[in-house]
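Not measured: the values here are computed from a predicted model.
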Amino acid sequence: MEIFGVTDILLGRALGGAELRQRVIAGNIANVNTPGFRRSDVPFQQSLRDALASGDPARVGAARPQVVQDATTALRADGNNVDVDAEMARLAETQLLHGAVAGLLRDRIAMLRYVINEGRR
């Protein structure tokens with residue numbers, strides 16, 4: 001029996017994806033006034049959903065978040081496509097996701113700690 005299953009792997013990948021997305025969004029916000037800068041994003045949630053739907057734990061473990069440049073939004077006159085309000089909303093969404101995933105991981109570790117400590121009695 002394995003201690004860490006597909007749920008733990010999935011939560012770890014989601015936490016890593018949220019962290020990378022936060023860094024990318026921070027970079028977008030930092031470059032809001034840089035001419036020619038194009039925003040990027042980390043759409044890791046769909047790849048995790050697809051990996052989980054496959055039912056293959058190895059595929060979940062192999063899922064990696066990737067940074068992709070956004071070519072769908074309109075460019076301003078200076079060639080930049082960063083909308084600071086939209087980036088702030090994405091940052092808040094990502095922070096909520098990160099907090100939720102971190103809480104789930106903390107609860108799972110606390111449960112394991114309880115089983116280990118109470119298993120001695």
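- A salt bridge is defined here as a Lys NZ or Arg NE, NH1 or NH2 lying under 4.0 Å from an Asp or Glu carboxylate O, and D70 with R38 fails to meet this definition.
- Q66 CD: 12 or fewer foreign heavy atoms inside a 6.0 Å radius.
- Tracing side-chain contacts under 4.5 Å through hydrophobic residues (I, L, V, M, F, W, Y), one never reaches L11 starting from I109; they form parts of separate clusters.
- Tracing side-chain contacts under 4.5 Å through hydrophobic residues (I, L, V, M, F, W, Y), one reaches V42 starting from V60; they form part of the same cluster.
- Distance check: L15 CG to E19 CD gives 4.5 Å after rounding to the nearest 0.5 Å.
- Counting heavy atoms from C-beta on, the side chains of R21 and L97 never come closer than 4.5 Å.
- Looking at heavy atoms from C-beta onward, D83 lies out of side-chain contact with T73 at the 4.5 angstrom threshold.
- Atoms OG1 and CG, from T34 and D78 in turn, are 9.0 Å apart once rounded to the nearest 0.5 Å.
- Closest approach of A51 to A63, counting heavy atoms only: CB-CB, 4.4 Å.
- With contacts defined as side-chain heavy-atom distances shorter than 4.5 Å, the pair R59/D50 qualifies.
- Scanning both residues, A14 and F44, for their nearest heavy atoms gives O-CE1, 3.6 Å.
- Residues V24 and V101 are members of one and the same hydrophobic cluster, defined by side-chain heavy-atom contacts under 4.5 angstrom among Ile, Leu, Val, Met, Phe, Trp and Tyr.
- If you chain together hydrophobic residues whose side chains sit under 4.5 Å apart, V6 and L104 fall into the same group.
- A heavy-atom distance below 4.5 Å is found between the side chains of I29 and I25.
- A salt bridge links E87 to R90: one of the charged nitrogens lies within less than 4.0 Å of a carboxylate oxygen.
- In this structure, CZ on R64 lies 10.5 Å from CG on L48, to the nearest 0.5 angstrom.
- One finds the OG1 atom of T94 at 7.5 Å from the CG atom of D41 (value rounded to the nearest 0.5 Å).
- R76 places a side-chain N or O within donor-acceptor distance of the main-chain N or O of V82, the cut-off being under 3.5 Å.
- A heavy-atom distance below 4.5 Å is not found between the side chains of N33 and N80.
- Linking ILVMFWY residues whenever their side-chain heavy atoms come closer than 4.5 Å, directly or via other members, leaves F37 and V68 in distinct clusters.
- Residues L20 and V67 form a side-chain contact, since some pair of their non-hydrogen atoms from C-beta on lies under 4.5 Å apart.
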